[in-house]
Protein chains: 2
Amino acid sequence: MRTVAKQAGVSYQTVSRVINEASGVAPETRSRVLTAMRELGYRPSLAARSLARNRTEIVGLVLPSSVDLTFADAHLLQMVGGVDRGVSDNDYSTLLASPKESEPVLSAFRRLVRQRTVDGVLIEAGMGEEGVALLVDAGYPVTVIGHTSLDVPSVRPDDESGAYVAMQHLLALGHRRIALIGSENPGNLAVAARRSGCDRALADAGLALDMSLVERGEWTIASGRAATERLLDLPAPPTAVFAFNDSMAIGTLQVARERGIEVPRQLSVLGFDDTPSAALLTPALTSVRVFSAEQGERAARTLIGILRGMTPPSSPVILPSQLVVRSSTAPLTR
Amino acid sequence: MRTVAKQAGVSYQTVSRVINEASGVAPETRSRVLTAMRELGYRPSLAARSLARNRTEIVGLVLPSSVDLTFADAHLLQMVGGVDRGVSDNDYSTLLASPKESEPVLSAFRRLVRQRTVDGVLIEAGMGEEGVALLVDAGYPVTVIGHTSLDVPSVRPDDESGAYVAMQHLLALGHRRIALIGSENPGNLAVAARRSGCDRALADAGLALDMSLVERGEWTIASGRAATERLLDLPAPPTAVFAFNDSMAIGTLQVARERGIEVPRQLSVLGFDDTPSAALLTPALTSVRVFSAEQGERAARTLIGILRGMTPPSSPVILPSQLVVRSSTAPLTR
DNA sequence: CTGAAAGCGCTTACAG
DNA sequence: CTGAAAGCGCTTACAG
């Protein structure tokens with residue numbers, strides 16, 4: 001910076017002003033400085049700037065480490081892409097923070113706090129609320145991507161109405177024995193919202209959920225398979241299965257095929273998330289799309305807005321979800 | 001730091017020594033300092049440290065922005081996961097750098113250079129060589145993930161032998177009219193390597209490639225479809241199609257189904273990359289697995305090794321690829 | 001509109 | 001083994 005100042009014949013403070021586009025620099029001086037900067041290939045030091053201003057213009061992004069990074073995480077990839085778009089469009093940068101393989105989940109949060117290298121943090125809801133609380137206590141502005149029970153800004157899909165519309169779709173096709181996979185997980189707010197959307201659709205039709213058809217899943221293909229085996233072994237098996245994510249729906253599709261049950265003629269299957277694989281399955285899976293990239297981008301914009309002094313949204317930002325009807329659901333034929 | 005020093009009854013330089021685990025601190029002093037740090041919840045400032053030491057312990061990761069973040073990018077997600085694992089295991093952090101939607105690709109590299117916020121850069125080969133050169137010229141240590149013609153460290157899959165084994169598989173099944181999709185792209189080194197693996201397998205069998213069966217693809221499902229349409233319209237259509245990625249193979253699968261051609265009975269289909277969707281297709285796709293996460297992790301370790309003063313590997317680090325045989329390939333029946 | 005001063009929180013030789 | 005000094009490259013009031 002000194003060199004630039006010398007070359008332009010001004011003090012280095014003036015150079016600083018030019019860089020920060022502060023007002024109060026004579027146009028002529030300004031252009032002289034800019035020329036000098038260009039000629040010398042000057043690049044300001046982010047570190048020095050951060051130190052002096054006490055902020056880095058970097059936001060952290062905490063992600064589950066996903067030991068098995070299977071296609072189920074297509075959602076994650078899209079979210080990351082969206083986040084980075086929102087972040088870089090605002091001239092911030094994104095620092096990744098996922099827990100090391102060997103460490104407990106909270107360590108990723110601790111490291112972030114310890115290093116003081118970010119101005120704020122975006123947190124994928126799957127990381128749990130404990131970490132969020134830890135960051136908030138450390139004084140970081142945060143935004144959660146997904147459901148949270150804490151009083152922090154968040155961006156999430158409309159799970160309730162997504163499930164509502166999906167359930168309505170199955171009811172309109174004539175299904176009455178409708179199984180759910182993925183419920184019963186008490187702490188999971190997304191599940192609770194989807195569950196309540198289902199209940200509302202049923203209530204609207206004057207029906208109620210048959211609890212014997214509600215299975216617990218673990219979001220994996222394997223757990224979808226296991227749940228489906230149990231459901232199909234029932235004396236009166238369901239005519240439709242609504243799985244709370246696509247992976248479990250894939251498990252259902254697989255088991256149905258193995259048992260020679262035709263989808264959708266004998267069994268309708270509905271997923272959630274609309275991962276890119278959904279369209280490629282046979283039959284192509286009807287699913288609820290959640291717009292992961294948009295969530296990420298919106299969360300990034302929200303956080304950076306807060307960092308820039310805007311008042312945080314007082315309630316969660318809810319992005320619409322959308323039922324995508326494909327070939328795995330059909331009218332009841334029996 | 002001053003406060004900690006005061007509380008521990010030492011000078012702040014001693015605190016610095018403790019933090020940096022420098023030798024030459026009396027054990028007793030050391031523990032006093034550590035206690036004070038803990039009591040005060042002291043966290044060193046990365047910015048100050050970076051400024052004083054002239055390094056940040058952050059590495060940049062340049063990724064294609066992927067306007068359509070489809071499942072084809074499962075490879076990318078796994079790579080990012082691997083990178084972050086390799087990076088954080090070494091106590092560095094990963095800064096994402098993808099071009100903004102509105103900008104030319106090179107802008108992402110320029111921004112990285114301009115901000116001086118990383119010590120080194122990992123570059124996905126898909127970003128082109130121009131950006132790599134730009135960073136090298138700016139003095140950054142870099143490591144490329146994928147093929148590069150530049151003289152920089154790189155980590156990539158063994159495309160040649162992957163294609164060789166895949167081709168051998170098709171030949172062993174009795175196929176002779178084997179089509180290739182994805183070739184003819186002159187600049188793409190991965191394609192060239194795969195192509196030469198194919199040629200070698202054919203030569204080993206005393207055969208040569210039938211150029212009328214070589215189609216150009218653009219890595220998308222749509223381009224795979226288009227290429228397949230052309231191939232199947234040929235007077236003597238192929239009995240097997242080897243697509244140079246899974247997306248194009250999916251295109252082939254789709255067109256075959258639409259035309260009532262049974263895979264694998266009437267047509268064998270082989271992909272490349274072994275994306276997570278491959279196993280979920282009907283029929284499940286035979287493909288060449290490339291271990292994306294391992295590539296990312298290895299590249300991260302390589303780069304950080306260089307940053308720590310190790311001599312860079314003089315030739316590309318080549319990770320084995322592996323043929324995964326599923327249900328889309330079968331012996332020739334006609 | 002521009003310059004001089006102080007300070008951001010560390011590290012790195014250099015003394016002792 | 002530990003302290004005093006200088007410096008990393010900026011920004012931010014404060015004068016003028």
Side-chain angles (χ1 to χ4, degrees), chain A residues 1-37 40-58 91 93 113-119 138-139 307-309, chain B residues 1-37 40-58 91 93 113-119 138-139 307-309:
Chain A
M1 198 157 108
R2 283 211 166 74
T3 327
V4 172
K6 191 159 296 171
Q7 171 140 349
V10 296
S11 76
Y12 60 87
Q13 292 87 336
T14 301
V15 176
S16 171
R17 278 182 200 109
V18 171
I19 292 167
N20 294 294
E21 288 161 7
S23 56
V25 179
E28 198 267 335
T29 314
R30 181 187 166 72
S31 77
R32 232 183 326 143
V33 171
L34 287 173
T35 307
M37 277 171 49
L40 293 161
Y42 167 75
R43 308 183 306 243
S45 153
L46 213 246
R49 176 179 251 247
S50 301
L51 180 57
R53 298 169 63 158
N54 200 29
R55 62 193 148 92
T56 59
E57 313 217 308
I58 296 176
D91 297 312
S93 301
V113 169
R114 186 156 23 80
Q115 301 205 144
R116 284 207 280 159
T117 173
V118 299
D119 293 344
L307 295 176
R308 290 187 171 152
Chain B
M1 198 156 105
R2 283 211 165 76
T3 325
V4 172
K6 191 160 295 170
Q7 170 139 349
V10 297
S11 76
Y12 60 86
Q13 292 89 336
T14 302
V15 176
S16 170
R17 280 182 199 110
V18 171
I19 292 168
N20 294 295
E21 288 162 8
S23 57
V25 179
E28 198 267 334
T29 313
R30 181 188 167 70
S31 78
R32 232 181 329 141
V33 171
L34 288 173
T35 307
M37 278 170 50
L40 293 161
Y42 167 75
R43 310 182 305 242
S45 153
L46 212 245
R49 173 180 253 248
S50 301
L51 179 56
R53 298 170 63 159
N54 200 28
R55 62 194 149 91
T56 59
E57 314 218 306
I58 297 175
D91 297 311
S93 301
V113 168
R114 185 155 26 80
Q115 300 202 145
R116 283 207 280 161
T117 173
V118 299
D119 292 344
L307 294 177
R308 289 188 171 150

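Just so it is clear, the values below take in all heavy atoms, side chains as well, and ignore hydrogens, waters and symmetry mates. Fair warning: this is a prediction, and the values are worked out from it, not measured in the lab. So you know, we letter chains A, B, ... as the sequences are listed, proteins then strands, and number each from 1.
Side-chain nitrogen and oxygen atoms of B/Ser11 include none within less than 4.0 Å of the OP1 or OP2 phosphate oxygen of D/dT2. For B/Ser45 and C/dG9, the shortest distance from a side-chain N or O to OP1 or OP2 is not below 4.0 Å. For the pair B/Tyr12 and C/dT12, the criterion of a side-chain N or O lying under 4.0 Å from OP1 or OP2 is not met.
Nearer to the 5' terminus of DNA chain D, by closest-nucleotide assignment, is the contact made by B/Arg32 (compared with the other of A/Leu51 and B/Arg32). Residue B/Val10 is the one, among B/Val10 and B/Ala48, whose nearest nucleotide of DNA chain D lies closer to the 5' end (criterion: closest heavy atom).
Applying the side chain to side chain contact (heavy atoms under 4.5 Å, CB included) test to A/Ala52 and every residue at least two apart in sequence or in another chain returns nothing. Residues passing the side chain to side chain contact (heavy atoms under 4.5 Å, CB included) test with B/Leu307, sequence neighbours excluded: B/Val59, B/Tyr92, B/Asp119, B/Pro141, B/Leu303. By the side chain to side chain contact (heavy atoms under 4.5 Å, CB included) test, A/Tyr42 pairs with A/Met1, A/Val4, A/Ile19, A/Met37, A/Pro44, sequence neighbours left out. Listed by chain and number, the residues in a side chain to side chain contact (heavy atoms under 4.5 Å, CB included) with A/Thr3 are A/Leu40 (sequence neighbours excluded).
In this entry the distance linking CG of B/Leu46 with C1' of C/dC8 reads 15 Å, nearest Å. As a whole-Å value, the separation of B/Leu40 CG from C/dG9 C1' is 16 Å. We find that CG of B/Asn54 is positioned 22 Å from P of D/dA6, with the value rounded to whole Å. The CD1 atom of B/Ile19 sits 13 Å away from the P atom of C/dG9 (whole-angstrom rounding). When the C1' atom of D/dG7 is taken as reference, atom CZ of B/Arg49 falls 17 Å away, rounded to whole Å. The CD atom of A/Gln13 sits 17 Å away from the P atom of C/dC8 (whole-angstrom rounding).
Base pairing in DNA chain C gives the following stems of 3 or more Watson-Crick or G-U pairs, range against range and under 3.5 Å: C:1-3 with D:14-16, C:5-12 with D:5-12, C:14-16 with D:1-3.
Counting any heavy atom pair closer than 4.0 Å across all strands shown, B/Thr29 reaches sugar-phosphate atoms only and no base atom. Contact annotation for A/Arg43: backbone-only contact, meaning every heavy-atom pair under 4.0 Å involves sugar-phosphate atoms and none involves a base.
Listed nucleotides C/dC10, D/dC10, D/dT2 differ in distance to A/Tyr42; the shortest reach to its side chain belongs to D/dC10. Which of C/dT12, D/dT11, D/dC1 sits closest to the side chain of B/Arg53 comes down to C/dT12.
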Report all interatomic pairs (protein N or O, nucleotide N or O of nucleotides 14-16 of chain C) with separations under 3.5 Å.
none

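The backbone N or O of B/Ser50 lies less than 3.5 Å from no partner atom in the side chain of B/Thr56, so there is not a single donor-acceptor pair.
The two atoms that bring B/Gln7 and B/Ala36 nearest to each other are CG-CB, 3.8 Å, heavy atoms only. Closest approach of A/Leu51 to B/Ala47, counting heavy atoms only: N-CB, 3.9 Å. The two residues A/Ala8 and A/Val33 make their nearest non-hydrogen contact at CB-CA, 3.9 Å.
B/Glu57 places none of its side-chain heavy atoms less than 4.5 Å from the side chain of B/Asp91. When side chains are defined from C-beta on, A/Leu46 counts as touching A/Arg49, because their heavy atoms get closer than 4.5 Å.
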